[in-house]
Number of protein chains: 2
Amino acid sequence: MSSPPPLPEDFRLEDHVGFLLRKAHQRHASLFVDVSAEHALTPTQFAALQKVVELGKVTQNHLGRQVAMDPATIQGVIRRLTLRGLIVRTHDPMDRRTAVLAPTEEAYALIATAVACAQRAHAKALSPLSPEEQTAFLALLRKMG
Amino acid sequence: MSSPPPLPEDFRLEDHVGFLLRKAHQRHASLFVDVSAEHALTPTQFAALQKVVELGKVTQNHLGRQVAMDPATIQGVIRRLTLRGLIVRTHDPMDRRTAVLAPTEEAYALIATAVACAQRAHAKALSPLSPEEQTAFLALLRKMG
DNA sequence: GGCAGTCCATTCGTATACGCACGATCCAAC
DNA sequence: GTTGGATCGTGCGTATACGAATGGACTGCC
């Protein structure tokens with residue numbers, strides 16, 4: 001016979017930030033992939049590629065910090081983008097530790113489409129909220145750090 | 001010579017829900033692990049285990065729907081919790097397809113501590129926001145689906 | 001010049017997360 | 001009673017994500 005469950009009363013998983021953030025993040029990722037059939041980038045790959053295009057020439061580590069990916073993670077993302085011919089890796093003769101990344105012509109060709117898709121995913125993800133709520137939500141999210 | 005970057009002007013990755021949600025989610029996960037040394041559950045494992053304790057007896061698939069994990073994902077989570085002796089898997093003689101899950105005594109012993117840790121992580125994650133902002137943020141997050 | 005501390009990228013191991021396909025089972029309709 | 005569709009769990013492949021350890025390279029400081 002089990003002891004009667006000494007349940008932490010009133011605990012509701014559904015009210016916890018962690019649970020809600022996980023669900024919201026999954027939902028956005030799913031929407032992003034749905035609208036991205038054309039370029040077939042994941043949200044993570046898009047973030048990295050967009051930043052490389054914006055910066056033109058970055059160190060792998062520095063890129064990771066810009067897009068919030070640790071060195072172990074960015075390594076795989078860059079490898080896949082390089083395999084697809086969207087990024088070239090060179091080396092800084094001044095600092096032989098670093099991998100210097102730059103976008104290819106294919107990246108420039110792809111990024112406009114990808115940005116449009118990202119904006120559609122953005123809008124879809126926020127669509128349950130009114131315009132004012134969307135603004136407030138984004139402001140709070142930014143403040144979450 | 002590269003063509004002058006036909007950059008989608010004014011695009012700011014940092015203003016996109018996907019990017020902000022990914023960062024916020026990572027931050028919470030990191031805080032959760034920090035305060036969870038004692039029970040060593042990941043946020044995902046905690047969610048699953050808490051739900052099993054709450055429901056007492058669930059089908060694996062049904063649990064997955066409750067905690068927003070697809071069948072392939074919940075399978076691994078349950079396997080690890082079972083290996084740790086926190087969950088037992090039995091079978092419903094009425095439906096031989098299903099795996100019926102139930103919490104063990106160890107789960108009951110662990111869950112109170114784990115809930116307290118989860119609440120600390122919750123509070124820490126929300127700490128950049130004022131109490132009013134926290135309420136508003138959670139409401140909006142819930143509305144995001 | 002040399003050495004300690006730091007920084008960069010990679011690798012390994014583990015944990016989510018999901019699409020897909022599969023075998024087993026159940027159920028509804030015939 | 002059989003058969004066709006749905007459901008359940010699993011296995012495989014791929015992509016994030018991160019801690020820890022490693023090897024190579026730089027930088028300060030003496």
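Note that the coordinates shown come from a computational prediction; the quantities given were computed from them, not determined experimentally. What you see below is based on every heavy atom in this structure, not just the backbone, and it leaves out hydrogens, waters and symmetry mates. Each chain gets a letter, A, B and so on, in the order the sequences are listed, and its residues count up from 1.
Residues passing the ring-ring contact (aromatic ring centres under 6.0 Å, His included) test with B:Phe46, sequence neighbours excluded: A:Phe11, B:Phe32. Legend: residues meeting ring-ring contact (aromatic ring centres under 6.0 Å, His included) with B:His25, ordered by chain and number and at least two apart, are A:His25. Evaluation of the side-chain contact (heavy atoms from CB on, under 4.5 Å) rule for B:Arg89 yields B:Gln60, B:Ile78, B:Thr82, B:Ala99, B:Leu101 as partners, not counting sequence neighbours.
The ring-ring contact (aromatic ring centres under 6.0 Å, His included) contacts involving residues 51-106 of chain A comprise nothing, where partners must be two or more places apart or lie in separate chains.
Each of A:Arg96 and B:Ser30 lies near DNA chain D, and the nucleotide nearest B:Ser30 is the one positioned closer to the 5' end. Between A:Gln26 and A:Gln60, the residue anchored nearer the 5' end of DNA chain C, judged by the nucleotide with its closest heavy atom, is A:Gln60. Both A:Pro93 and A:His25 lie near DNA chain D, and the one whose nearest nucleotide falls closer to the 5' end is A:His25.
Across all strands shown, A:Asp70 has heavy atoms under 4.0 Å from base atoms, whether or not it also approaches the sugar-phosphate. Using a 4.0 Å heavy-atom distance criterion, B:Thr73 is classed as a base contact. Within 4.0 Å of A:Ala99, counting heavy atoms only, lie sugar-phosphate atoms of the nucleic acid but no base atom. Contact annotation for B:Thr44: backbone-only contact, meaning every heavy-atom pair under 4.0 Å involves sugar-phosphate atoms and none involves a base. Heavy atoms of A:Arg65 sit under 4.0 angstrom from primed sugar atoms or phosphate atoms, though from no base atom. Across all strands, A:Val33 comes closer than 4.0 Å to no nucleic acid atom at all (heavy-atom distances). Using a 4.0 Å heavy-atom cutoff across all strands shown, A:Thr59 reaches sugar-phosphate atoms only and no base atom. Using a 4.0 Å heavy-atom distance criterion, A:Arg79 is classed as making no nucleic acid contact.
In the 5' to 3' direction, nucleotides of DNA chain C lying under 4.0 Å from heavy atoms of chain A begin and end at C:dC7 to C:dC18.
Side-chain contact between B:Glu54 and B:Gln50: present, with at least one pair of heavy atoms (C-beta onward) separated by less than 4.5 Å. B:Asp70 has its side chain within reach of B:Thr73: a pair of non-hydrogen atoms, C-beta onward, lies under 4.5 Å apart.
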Side-chain donor/acceptor pairs under 3.5 Å, residues 130-140 of chain B, sequence neighbours excluded:
unit_1	atom_1	unit_2	atom_2	d
B:Ser130	OG	B:Glu132	OE1	3.2
B:Ser130	OG	B:Glu133	N	3.2
B:Ser130	OG	B:Glu133	OE1	3.4
B:Glu133	OE1	A:Lys143	NZ	3.2
B:Glu133	OE1	B:Ser130	N	2.8
B:Glu133	OE2	A:Lys143	NZ	2.7
B:Gln134	NE2	B:Leu126	O	3.0
B:Gln134	NE2	B:Leu129	O	3.0
B:Thr135	OG1	B:Pro131	O	3.1

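In this structure, B:Asp92 atom CG and D:dG9 atom P are separated by 10 Å, rounded to whole Å. If you take CG of A:Asp95 and P of D:dT27, they are 7 Å apart, rounded to a whole angstrom. Nucleotide D:dG24 holds its P atom 15 Å from the NE2 atom of A:His91, rounded to whole Å. In this structure, B:Asn61 places its CG atom 6 Å from C1' of D:dC8, rounding to the nearest Å. Per the geometry, CD belonging to A:Gln45 stands 13 Å off P belonging to D:dT14, to the nearest Å.
The phosphate of D:dC8 has neither OP1 nor OP2 within less than 4.0 Å of any side-chain N or O from B:Gln75.
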